[in-house]
Each structure stands twice: as C-alpha cells, then as structure tokens.
Amino acid sequence: RSAGVAPAHAQVAASLYIDNDVAGDVQNGRLGAGVSVGYYLDGRIGLELDGELHGHFFRDEDIASRQPANVDLNSDAALASGNLVVPYCLRGAAGTWCPYATAGAGVVYEIFTGIAHAPDVTGFKHHALDPAINAGIGVTHALTRWIGLRVDARYIRAFVDESSAGNTYPTDFGDWRISVGVTRSEEHTSELQSHHD
C-alpha cells in the first residue's frame, strides 16, 4: 500500500451588503446593513455566519396598539444566523458566476424604544429575542480573482413566544429580504494524505 497526496481547496469569503425587506410582516423601504463570513470546501459546500442591523424594523401601525398614549414607539433589530450554502460555479466567456442555495437558523433581537411626548408620560425600552430560520437563493459574480458582487434573496421566519406578556410584537413574523453587496474571497490549499494499493 502506498501513500499519495490529494490537494484540498478551501475558500474563505467575506461580504458587506445592504438590504431591503420587500414583503412580509416588517417595514419595507428602510435599508439595513450586514456582514457575512463563509468557509467553502472545494467549491461544493460552505458554512456562513451572517449578522445584520436594521432600523425601523416593524411597521408603526402594527405596533401602535402596544404603546401607551403620547408615546412614539420605534423598533430596531439585529439578526444573526449560521447558514449552510451550496454553490454551483459556472466559468465561461462571461466570467465566473456562482448561483447558490442557502438555509440556516439564528435569532432576531428586537429593540422597542418608547419616546414620551407629554410631561406626565414616561418613556421605556423593551427587548425581545426570538429564534428564526431562513432559506433563499443568490448568485455571486467574480469581478477579479478576489473581488466580486453578490445578490441574495431569502425568506426569514421568526417564532415569537405568544404567551409572554412582555413581547411588544405579539405573533410570529416573516419577511422577504433582498440584499446586494461586495464580496472578498481568498483561496487556501492544504495537502490531505490518501492511500491506495
């Protein structure tokens, strides 16, 4: 039995993006910003960590009944998830395009800030942490060997503890998100020992 060496190719990619919630139970037309870092093995499968900040997350009319009189209630959110990514890269005269499918799980951390507009009213701040899942598709296009563009569309579903009296948003919620960003990648090659007769 003799030993051979098989190269394993891995890629680390980081993306910065802006996004908009285009449909669902949250406010659309207000941009969020996020960052993701992924590790891809042999261009076939990857694990990605994603974090996003989003201002004015819920629609005012959906949370108006949850606030006292003379209080302006604003909502912000931070989203974090770990996602499995399955790309399929195509290389040709038009450059390198990598469509992909993705799915994962994480949390949505909501911040509700009540701003008092009357002398006898007290402002407040509430927090909520809800588990969430997501799934979607996207594509990256390589501009150079290291820099590319990325477009992503996914559905995010959060699960609210409806029995908790402290939740400012009372029910499960979901939304469709579209993001556009710039990605930076770097390839690594390691030597894996293989055996054959």
Side-chain angles (χ1 to χ4, degrees), residues 10-59 62-63 75-90 94-112 127-143 147-162 167-186:
Q11 184 182 53
V12 177
S15 301
L16 296 173
Y17 64 85
I18 58 173
D19 69 83
N20 185 24
D21 297 309
V22 296
D25 301 315
V26 302
Q27 178 70 58
N28 57 24
R30 298 292 184 98
L31 296 181
V35 60
S36 64
V37 178
Y39 180 84
Y40 300 86
L41 185 61
D42 282 338
R44 296 190 181 97
I45 194 167
L47 177 63
E48 186 174 72
L49 300 178
D50 186 279
E52 175 196 352
L53 296 176
H54 214 292
H56 205 94
F57 191 62
F58 292 110
R59 292 187 290 258
D62 292 339
I63 56 177
S75 59
D76 303 306
L79 295 80
S81 63
N83 306 307
L84 191 67
V85 184
V86 181
Y88 184 79
C89 292
L90 305 169
T96 300
W97 296 81
C98 294
Y100 61 86
T102 180
V107 294
V108 181
Y109 179 65
E110 303 116 37
I111 305 168
F112 301 92
H127 306 267
L129 183 66
D130 299 314
I133 58 174
N134 73 84
I137 58 174
V139 63
T140 60
H141 173 53
L143 299 176
I147 302 295
L149 295 177
R150 178 174 179 175
V151 179
D152 183 288
R154 68 183 66 192
Y155 179 74
I156 302 169
R157 185 72 178 179
F159 303 96
V160 176
D161 181 5
E162 299 180 13
N167 280 333
T168 303
Y169 196 88
T171 63
D172 296 350
F173 59 89
D175 67 280
W176 288 94
R177 186 194 80 178
I178 293 178
S179 64
V180 178
V182 177
T183 184
R184 168 73 163 84
S185 63
E186 183 175 337

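Since this is a predicted model, take the numbers as computed values, not measurements.
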With a 6.0 Å cut-off (strictly less than), is the heavy-atom count around CD1 of Ile137, excluding the residue itself, greater than 12?
no
Any chance you could lay out the side chain to side chain contact (heavy atoms under 4.5 Å, CB included) test for Val26 and Phe58, step after step, and finish with the verdict?
CA-CA 5 Å; Val26 302; Phe58 292 110; 4.1 Å; yes
Look at the side chain of Thr102 and the backbone N and O of Leu84, then say whether any donor-acceptor pair between them is shorter than 3.5 Å.
yes
Nearest heavy atoms of Leu53 and Ala78, plus distance in Å
CD2-CB, 3.7 Å
Value rounded to 0.5 Å, distance of CD in Glu110 from CG in Asp130:
4.5 Å
His141 meets the ring-ring contact (aromatic ring centres under 6.0 Å, His included) criterion, sequence neighbours left out, with Trp97
What's the shortest heavy-atom distance between Val35 and Tyr17, and which atoms?
N-CE2, 3.6 Å
Worked check of side chain to side chain contact (heavy atoms under 4.5 Å, CB included) between Leu31 and Asn20:
CA-CA 5 Å; Leu31 296 181; Asn20 185 24; 3.9 Å; yes
Taking every non-hydrogen atom, the tightest pair across Asp76 and His56
OD1-N, 3.2 Å
Check ion pair Arg150-Glu48 (N to O, under 4.0 angstrom):
yes
Looking only at non-hydrogen atoms, find the nearest pair between His54 and Arg30 and report the distance.
CE1-O, 2.8 Å
Under the side chain to side chain contact (heavy atoms under 4.5 Å, CB included) test, which residues partner Phe159, sequence neighbours left out?
Pro131, Ile133, Arg157, Asp172
Side-chain ion pair, Arg154 and Asp152, N-O less than 4.0 Å
yes
One pair to check against side chain to side chain contact (heavy atoms under 4.5 Å, CB included): Leu79 and Val108. What are the steps and the verdict?
CA-CA 5 Å; Leu79 295 80; Val108 181; 4.1 Å; yes
Please check this pair: side chain of Asn134 against backbone of Ala103, looking for a donor-acceptor N/O pair closer than 3.5 Å.
no
Would you give the length of the straight line joining atom CZ of Phe57 to atom CZ of Phe112, rounded to the nearest 0.5 angstrom?
9.0 Å
Would you say the side chain of Asn28 lies within less than 4.5 Å of the side chain of Val22, judging by non-hydrogen atoms?
no
Shortest non-hydrogen contact between Gly104 and Asn83, atoms and distance:
CA-OD1, 3.3 Å
Which atom pair, heavy atoms only, marks the closest approach of Ala13 to Tyr40?
CB-CE1, 4.0 Å
Enumerate donor-acceptor pairs with a distance under 3.5 Å from any side-chain N or O in residues 178-185 to protein atoms, sequence neighbours excluded.
from	atom 1	to	atom 2	distance (Å)
Thr183	OG1	Ala14	O	3.3
Thr183	OG1	Ser15	OG	3.1

